[in-house]
Protein chains: 2
Amino acid sequence: MVIRTLTPPALPVAPAEPPLKVSFKAHMLAVREDAIVQAVNRLLAEKGFDLMTVDQVAAEVGIAKASLYKHFPSKEDLAAAAMVRVVGRAQAFLAGLPANARPLDQLKAMVRWMMQLQLAGEMPSLPHHNSSLRTTLVNNKAYVDGLMQVSEQLGGWIEQAQQDGSLNSSLPALLVLYTLYARACDPVLEFLKASGLHSDQELVELVVRTCFEGLNARPT
Amino acid sequence: MVIRTLTPPALPVAPAEPPLKVSFKAHMLAVREDAIVQAVNRLLAEKGFDLMTVDQVAAEVGIAKASLYKHFPSKEDLAAAAMVRVVGRAQAFLAGLPANARPLDQLKAMVRWMMQLQLAGEMPSLPHHNSSLRTTLVNNKAYVDGLMQVSEQLGGWIEQAQQDGSLNSSLPALLVLYTLYARACDPVLEFLKASGLHSDQELVELVVRTCFEGLNARPT
DNA sequence: GTCTATAAAGAGATAGAC
DNA sequence: GTCTATCTCTTTATAGAC
């Protein structure tokens with residue numbers, strides 16, 4: 001599809017930990033930064049970018065705000081780091097999927113994973129409109145590369161599923177991809193969760209069904 | 001369904017203009033306030049609540065910021081007024097639909113209308129997380145009542161469509177309703193529009209199809 | 001009701017000591 | 001690298017004249 005410019009990738013996932021010889025100091029720094037990014041991730045999921053303050057991040061990590069700025073140069077870069085982390089988790093999840101499953105099932109598994117992440121309060125939510133944030137993101141190579149790799153993987157499955165007849169082949173592949181991505185921030189999840197009528201698991205299955213089968217009655 | 005506590009309403013739409021005898025001054029005030037709300041509506045669609053500033057609203061209307069606060073007590077109330085306006089337009093649209101159409105087609109028409117509003121840059125977007133804004137909205141009787149009436153109308157059509165076999169009757173009606181509402185802020189529209197591959201009309205039809213028919217291939 | 005001018009508070013970012 | 005204290009700017013909201 002459009003996004004993939006090369007051949008389908010073998011999905012080598014970058015190791016989360018650096019090589020062998022790391023000094024104790026460097027290790028502590030990595031641990032500290034991971035704690036920061038984790039806090040940012042949680043706060044972004046809870047409040048969104050605009051309502052999250054750097055003071056809150058510092059308080060949650062338990063360090064001074066000025067110390068944060070020694071690690072990350074701006075609030076936007078904090079958010080970008082959280083997005084890099086999420087994309088990395090997505091890559092790890094994809095890498096752990098059974099390689100011999102049907103493409104359609106791979107796609108459904110990915111959608112389920114994204115929705116479970118949202119329900120667990122671990123899916124960062126960024127505003128669509130903030131342009132300085134967008135600039136920071138598109139300039140972040142780790143984020144762009146990671147997202148591209150995920151998109152290439154999903155795009156390959158989409159094309160395969162359209163060829164094997166399990167996905168509607170009259171839909172543009174890009175529409176399918178975006179429709180799947182949109183499940184990561186689907187407001188239906190939180191609204192329906194607020195109704196208290198369904199468990200998280202039921203919710204995920206219901207939304208997966210509406211996404212793939214639609215609202216119409218199936219012809220029998 | 002859950003939302004409807006009374007019998008299906010006859011959908012009397014409140015007239016936009018007050019009765020007959022209005023003083024010239026009151027008329028001018030109404031016109032001015034309508035200009036304000038219209039500007040807020042546009043800015044909310046373009047930037048979202050958090051990035052919209054009251055100064056921008058004042059500049060767009062062409063009056064001083066302090067004058068705005070003579071009409072509306074807070075930024076949240078400005079946004080609420082814009083939402084009331086949109087709900088009113090939705091009610092007017094619903095009232096203008098042919099009464100004898102199939103319930104499923106009524107629902108599709110409503111979804112199309114919401115998406116066209118978004119593509120036209122006239123659908124205000126509010127953050128899910130802002131609690132002071134939520135408080136202002138739920139305390140706004142015009143907004144709550146209007147939204148309730150729209151929901152009752154749609155809910156009635158959903159139940160009818162499930163009974164006549166055109167909507168999947170194994171899906172909770174509330175899930176269907178929220179899934180339709182979610183089309184009003186569907187990020188797929190803007191992302192796919194940015195690709196430049198489709199006209200607005202094609203885009204709307206594609207998303208309506210994925211919403212009702214799903215991504216799966218239909219059994220032939 | 002509209003204006004100019006300003007208050008008041010919040011939040012991103014930094015200075016400088018240790 | 002971490003801290004306390006502070007700067008600076010933006011933004012909401014208001015005071016007070018007309």
Side-chain angles (χ1 to χ4, degrees), chain A residues 22-40 43-44 46-82 124 126-127 129-137 139, chain B residues 22-40 43-44 46-82 126-127 129-137:
Chain A
V22 289
S23 72
F24 179 73
K25 258 180 124 168
H27 176 68
M28 290 309 293
L29 182 137
V31 167
R32 166 59 52 88
E33 293 204 341
D34 191 70
I36 293 172
V37 177
Q38 204 169 333
V40 171
L43 284 168
L44 281 181
E46 180 188 336
K47 302 165 172 285
F49 180 79
D50 292 313
L51 269 63
M52 178 190 81
T53 71
V54 179
D55 291 86
Q56 291 166 347
V57 177
E60 178 138 337
V61 180
I63 64 177
K65 178 165 58 169
S67 303
L68 274 187
Y69 281 95
K70 300 287 183 179
H71 293 274
F72 299 93
S74 73
K75 183 186 177 184
E76 280 78 11
D77 286 280
L78 279 174
L126 306 183
H129 304 285
N130 191 323
S131 69
S132 73
L133 182 55
R134 286 182 99 95
T135 302
T136 302
L137 280 176
N139 289 342
Chain B
V22 289
S23 72
F24 179 74
K25 258 180 123 167
H27 177 67
M28 290 308 294
L29 183 138
V31 167
R32 167 59 52 89
E33 293 203 341
D34 192 69
I36 294 172
V37 177
Q38 205 169 331
V40 171
L43 285 168
L44 281 181
E46 180 188 337
K47 301 165 174 285
F49 181 79
D50 292 313
L51 269 62
M52 179 190 80
T53 70
V54 180
D55 290 88
Q56 292 166 345
V57 177
E60 178 139 336
V61 179
I63 63 177
K65 179 166 54 170
S67 303
L68 275 188
Y69 281 95
K70 301 285 184 179
H71 293 274
F72 299 92
S74 73
K75 183 186 178 184
E76 281 78 11
D77 286 281
L78 279 174
L126 306 183
H129 304 285
N130 190 323
S131 69
S132 72
L133 182 55
R134 286 182 99 96
T135 302
T136 301
L137 281 175

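Throughout, a chain's letter reflects where its sequence line sits, starting with A, and its residues are numbered from 1.
For Asp34(A), there are no salt bridge (charged side-chain N to carboxylate O under 4.0 Å, His left out) partners two or more places apart in sequence or in a different chain.
Looking at Thr135(A) and Glu76(A), their side chains never come closer than 4.5 Å, going by heavy atoms from C-beta outward. At a threshold of 4.5 Å between non-hydrogen side-chain atoms, the residues Leu44(A) and Leu78(A) do not count as touching. At least one side-chain heavy atom of Leu29(A) sits under 4.5 Å from a side-chain heavy atom of His71(A). Contact of the Asp50(B) side chain with the Leu51(A) side chain is registered, since non-hydrogen atoms from C-beta on lie closer than 4.5 Å. For the pair Tyr69(B) and Val54(B), the minimum side-chain heavy-atom distance is below 4.5 Å.
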Between the protein and nucleotides 11-15 of chain C, are there any N/O to N/O pairs under 3.5 Å, and if so, what are the atom names and distances?
| residue | atom | partner | partner atom | Å |
| --- | --- | --- | --- | --- |
| dG12(C) | OP1 | Lys75(A) | NZ | 2.9 |
| dG12(C) | OP2 | Val54(A) | N | 2.9 |
| dG12(C) | N7 | Lys65(A) | NZ | 3.2 |
| dA13(C) | OP2 | Tyr69(A) | OH | 2.9 |
| dA13(C) | OP2 | Lys75(A) | N | 3.0 |
| dA13(C) | N6 | Lys65(A) | NZ | 3.0 |

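Between chain A and DNA chain D, the heavy-atom contact criterion of under 4.0 Å yields a 5' to 3' nucleotide range of dG1(D) to dT4(D).
In plain terms, the two heavy atoms of Val61(A) and Ala39(A) that are nearest each other are CG2-CB, 3.7 Å.
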